[in-house]
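For reference, the structure discussed in these notes is given below.
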Number of protein chains: 2
Amino acid sequence: MAHQTVRYAPGLPDDSRAAVAEPTPSCPVEITLAALRGRWTTLVVRELLKGEHTFTQLAQALPALSDKVLTDRLAQLADSGVLVRDRRPGWPPRTSYRLTPRGHRLGPVLQALWDWGAAGGDTDWGAAENDSGRGAAEDDSG
Amino acid sequence: MAHQTVRYAPGLPDDSRAAVAEPTPSCPVEITLAALRGRWTTLVVRELLKGEHTFTQLAQALPALSDKVLTDRLAQLADSGVLVRDRRPGWPPRTSYRLTPRGHRLGPVLQALWDWGAAGGDTDWGAAENDSGRGAAEDDSG
DNA sequence: CAGCATCCATTCAGATACTG
DNA sequence: CAGTATCTGAATGGATGCTG
């Protein structure tokens, strides 16, 4: 397989932001990682991918998650434009959370993360000296 | 393998590991995030996607990265099966690092992270109430 | 050259207690 | 019900000094 000649990295856009010499918040990769950063974050997103949830429903779906961290994650994800809060008036208070379109687009991202992580158990990666065989991760899932 | 029916969330496999109630190391998503965890990690991978590098070359490409953290990242990535160390005998010592096939497969993952993060600046995500578009961003311009 | 050992500042997660 | 405030322990990142 012929390696690229003038290209930088396969799979990476030819964008000036791809050439940063240190972690900067304006890098798209950093933006996404910042949105997903921290424990529990992806699980909260996964729950929301199933549909709208209230605070309590999320807490029930993830029993080991403290309300403080849940609050943190929800704020973080709202701040990243992943979800929106829908606070309804009256008593008792009921707030539901749902993904934005942008939040839904996290689906493919999580899928990519899943695929890479799932491929490790099956394929060899201990005796990997040669990188010429560039097999795509052909998991049928999804 | 025929598990096409996605009952839970769009984009997530119908795997028992997709139903975990707390962050567990065996979850594929966690595996990938663990491999990419920490500051500088994706930048080190990006450098290596360009080709083989020595320790010093990596340090030069990322000047603000301390050797301690670089060592940490390299160990972490080697542990995740992303790269291999090629230590050559003689003096001065020269160690080069290169991606494994598995490491190269991180390209699409980084691409997915990039795409999502890059889409934020352009599209609306403030007034997002309704989800309709589920377009995969496959801009592979680089 | 390519690291490892040690110390220190900052961040993070979880627990507990309290409120509109 | 849906949070906020405060505290503690653990993990992380970075600086400095030393070695095969």
Side-chain angles (χ1 to χ4, degrees), chain A residues 20-25 27 29-30 33-45 47-48 52-80 83-98, chain B residues 20-25 27 29-31 33-45 47-48 52-80 82-98:
Chain A
V20 291
E22 53 187 305
T24 156
C27 173
V29 173
E30 290 294 321
L33 288 178
L36 296 179
R37 174 141 14 211
R39 215 145 106 94
W40 297 99
T41 309
T42 57
L43 292 182
V44 171
V45 172
E47 289 306 310
L48 258 18
E52 191 173 325
H53 281 66
T54 66
F55 189 92
T56 303
Q57 285 174 330
L58 287 171
Q60 285 172 345
L62 305 168
L65 170 57
S66 72
D67 57 350
K68 184 251 191 188
V69 175
L70 178 54
T71 300
D72 284 354
R73 292 299 166 260
L74 258 12
Q76 164 190 345
L77 290 169
D79 213 54
S80 308
L83 56 81
V84 284
R85 276 168 58 148
D86 186 10
R87 197 162 214 160
R88 238 161 301 175
W91 197 265
R94 222 157 256 268
T95 309
S96 49
Y97 294 87
R98 92 179 63 160
Chain B
V20 290
E22 54 187 302
T24 156
C27 172
V29 172
E30 290 295 321
I31 290 172
L33 289 178
L36 297 178
R37 172 141 22 222
R39 217 158 171 255
W40 297 100
T41 309
T42 58
L43 292 182
V44 171
V45 173
E47 290 307 309
L48 259 17
E52 190 172 327
H53 281 64
T54 66
F55 189 92
T56 302
Q57 285 174 329
L58 287 172
Q60 284 171 345
L62 306 169
L65 171 57
S66 74
D67 59 346
K68 184 248 191 192
V69 175
L70 178 54
T71 300
D72 283 354
R73 292 300 166 259
L74 258 11
Q76 164 190 344
L77 289 169
D79 213 55
S80 308
V82 170
L83 56 82
V84 282
R85 276 169 58 148
D86 187 9
R87 196 163 215 161
R88 238 160 301 176
W91 196 267
R94 223 159 256 268
T95 309
S96 47
Y97 295 87
R98 92 178 64 157

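Letters A, B, ... are given to chains in the order of the sequence lines, protein chains preceding strands, and every chain is numbered from 1.
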Starting from [atom2] on [N], measure out to [atom1] on [X] and report it in whole angstrom.
{"X": "A/Leu62", "N": "C/dG14", "atom1": "CG", "atom2": "C1'", "answer": "15 Å"}
{"X": "A/Phe55", "N": "D/dA2", "atom1": "CZ", "atom2": "C1'", "answer": "6 Å"}
{"X": "B/Leu70", "N": "C/dC1", "atom1": "CG", "atom2": "P", "answer": "14 Å"}
{"X": "B/Leu83", "N": "C/dA2", "atom1": "CG", "atom2": "P", "answer": "15 Å"}
{"X": "A/Arg94", "N": "D/dC1", "atom1": "CZ", "atom2": "P", "answer": "7 Å"}
{"X": "B/Asp86", "N": "C/dG3", "atom1": "CG", "atom2": "P", "answer": "11 Å"}

Please confirm whether the shortest side-chain N or O distance from [X] to OP1 or OP2 of [N] is below 4.0 Å.
{"X": "B/Tyr97", "N": "C/dG3", "result": "yes"}
{"X": "B/Thr54", "N": "C/dC1", "result": "no"}
{"X": "A/Arg87", "N": "D/dG3", "result": "yes"}

Fill in: Worked check of side chain to side chain contact (heavy atoms under 4.5 Å, CB included) between B/Leu58 and B/Leu70
CA-CA 8 Å; B/Leu58 287 172; B/Leu70 178 54; 4.1 Å; yes
Contact summary for [X] and [Y], nearest pair of heavy atoms:
{"X": "A/Ala35", "Y": "A/Gln76", "value": "O-NE2, 3.1 Å"}
{"X": "B/Arg73", "Y": "B/Gly38", "value": "NH2-CA, 3.6 Å"}
{"X": "A/Thr54", "Y": "A/Gln57", "value": "N-OE1, 2.8 Å"}

Discussion item. Looking only at the side chain of A/Arg85 (C-beta and beyond, no hydrogens), which of the listed nucleotides D/dG3, D/dC1, C/dG3 gets closest?
Written reply: D/dG3
Discussion item. What's the closest nucleotide to the side chain of A/Thr71 if the choices are D/dG3, C/dG3, D/dA2?
Written reply: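 Among the listed nucleotides, the one closest to the side chain of A/Thr71 is D/dG3.
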Discussion item. Rounded at 0.5 Å granularity, tell me how far OH in A/Tyr97 sits from CD in A/Glu52.
Written reply: 11.5 Å
Fill in: Straight-line distance of B/Thr24 OG1 to B/Ile31 CD1, nearest 0.5 Å
8.5 Å
Worksheet item: Does any donor atom in the side chain of A/Arg94 or A/Thr56 lie under 3.5 Å from an acceptor atom in the other side chain?
Response: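 Side-chain D/A pair, A/Arg94 to A/Thr56: absent.
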Discussion item. One character per nucleotide, please: for nucleotides 11-20 of chain D, 5' to 3', B when the base has a protein heavy atom closer than 4.0 Å, S when only the sugar-phosphate does, - otherwise.
Written reply: --BBB----B
